[in-house]
Amino acid sequence: MTDMKIGNLNHVAIAVPDLAAATAKYRDQLGANVSEPQDEPDHGVTVVFVELPNTKIELLTPLGENSPIQGFLDKNPDGGIHHLCLEVDDVTAASAKLTHDGVRVLGSGEPKIGAHGKPVIFLHPKDFCATLIELEEA
Ligand code: CO
């Protein structure tokens, strides 16, 4: 089992109940560059990208009936930090290594194509300091 080395922080994802209000906060109160809202039906979210010099923040709100973030918003009606996304060179190798270490990879354990068209896995928050971690192939 090869050692793995974590790469850049790709994004911090924040679930919000009101995407327009959240976008206005980042744009108007912080002076951030923000994208237009993008529907991602395959992922059950609408996203606004907040571009920062060294990384980005993704503001997520549910799209459609079975959004994966609906449960989070039910528990956290004001929204909150949903996950961190860290880059790795090889997400398949990372999944195998972490599974071997006893970390639960959500779903089948096989990488899926994430919101940016790259393979991703998610690590169980109970195995990672109560934080949902997305690993994305750089
Ligand atoms: Co993400």
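All heavy atoms count here, side chains included; hydrogens, waters and symmetry mates do not. Read the numbers this way: they start at 1 and go in the same order the structure lists the ligands and their atoms. Position 1 is the first residue of the sequence; numbering continues from there.
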Inset, instruction - Applying side-chain contact (heavy atoms from CB on, under 4.5 Å) between I121 and each of L106, T99, V91, report the one that passes. - result: V91

Inset, instruction - Can you sort out the partners of R27 under side-chain hydrogen bond (donor to acceptor under 3.5 Å, both in side chains), two or more places apart, ordered by chain and number? - result: none

Inset, instruction - Identify, with sequence neighbours excluded, every residue that meets side-chain hydrogen bond (donor to acceptor under 3.5 Å, both in side chains) alongside N8. - result: none

Legend entry - Side chains of E87 and H11, donor plus acceptor under 3.5 Å: no

Legend entry - Rounded distance (nearest 0.5 Å) linking atom SG of C85 with atom CZ of F122: 7.5 Å

Legend entry - side-chain hydrogen bond (donor to acceptor under 3.5 Å, both in side chains) partners for T46, two or more places apart: D39

Legend entry - Under-2.8 Å neighbours of the Co ion (ligand 1), protein N/O/S atoms only: 3

